[in-house]
Amino acid sequence: MVADLIPCRSHDAELWFAERQADVERAKALCRECPIIEGCLAGAVERAEPWGVWGGQVFVGGVVVATKRGRGRPRKDATAA
């Protein structure tokens, strides 16, 4: 069945809207195996999806971002991490 080849249809959909960076990276990795990745990404860009992993890319606020920032307040001194 075709739906079995599409990761977001055969895995928990919450993974594509996860907060944890590790889960977001897992969703992106699953997307790379998807046969409709290009169409998914194009549709998400056209719709300006507000959040989630679409076509192997992370959307925040309707735009593609390199990485999703974790929840909470960022560190004052980035070198302390």
Side-chain angles (χ1 to χ4, degrees):
M1 191 161 141
V2 175
D4 293 336
L5 300 175
I6 302 171
C8 60
R9 299 276 174 101
S10 58
H11 290 78
D12 182 9
E14 293 296 316
L15 185 62
W16 278 262
F17 300 96
E19 291 292 332
R20 290 186 34 217
Q21 187 64 30
D23 292 336
V24 170
E25 291 303 320
R26 181 158 175 353
K28 287 170 54 177
L30 288 168
C31 283
R32 286 191 285 273
E33 302 170 7
C34 185
I36 62 168
I37 189 171
E38 293 88 9
C40 178
L41 179 57
V45 168
E46 183 178 310
R47 293 185 306 273
E49 283 293 341
W51 67 83
V53 176
W54 298 87
Q57 299 295 319
V58 178
F59 282 74
V60 175
V63 296
V64 175
V65 296
T67 58
K68 182 177 179 182
R69 188 173 74 83
R71 293 181 72 176
R73 183 175 170 184
R75 293 183 180 270
K76 289 184 178 183
D77 181 6
T79 59

Sequence neighbours excluded, which residues qualify as salt bridge (charged side-chain N to carboxylate O under 4.0 Å, His left out) partners of E33?
-> none
CD1 on I6 to SG on C31, rounded to 0.5 Å = 11.0 Å
Any side-chain heavy-atom pair of V58 and W51 under 4.5 Å | no
The side-chain contact (heavy atoms from CB on, under 4.5 Å) partners of E25 (sequence neighbours excluded) come to Q21, K28
Cluster check I37, F17: I/L/V/M/F/W/Y, side chain < 4.5 angstrom = no
Would you give the length of the straight line joining atom CG of D12 to atom CG of D23, rounded to the nearest 0.5 angstrom?
-> 9.5 Å
Results of side-chain contact (heavy atoms from CB on, under 4.5 Å) for C40 - residues two or more places apart only = W54
Could you give the distance from CZ (R26) to CG (L30), rounded to the nearest 0.5 Å?
-> 5.0 Å
E49 meets the side chain to side chain donor-acceptor pair (under 3.5 Å) criterion, sequence neighbours left out, with R47
Mind checking what makes side-chain contact (heavy atoms from CB on, under 4.5 Å) contact with V45, not counting sequence neighbours?
-> L41, F59
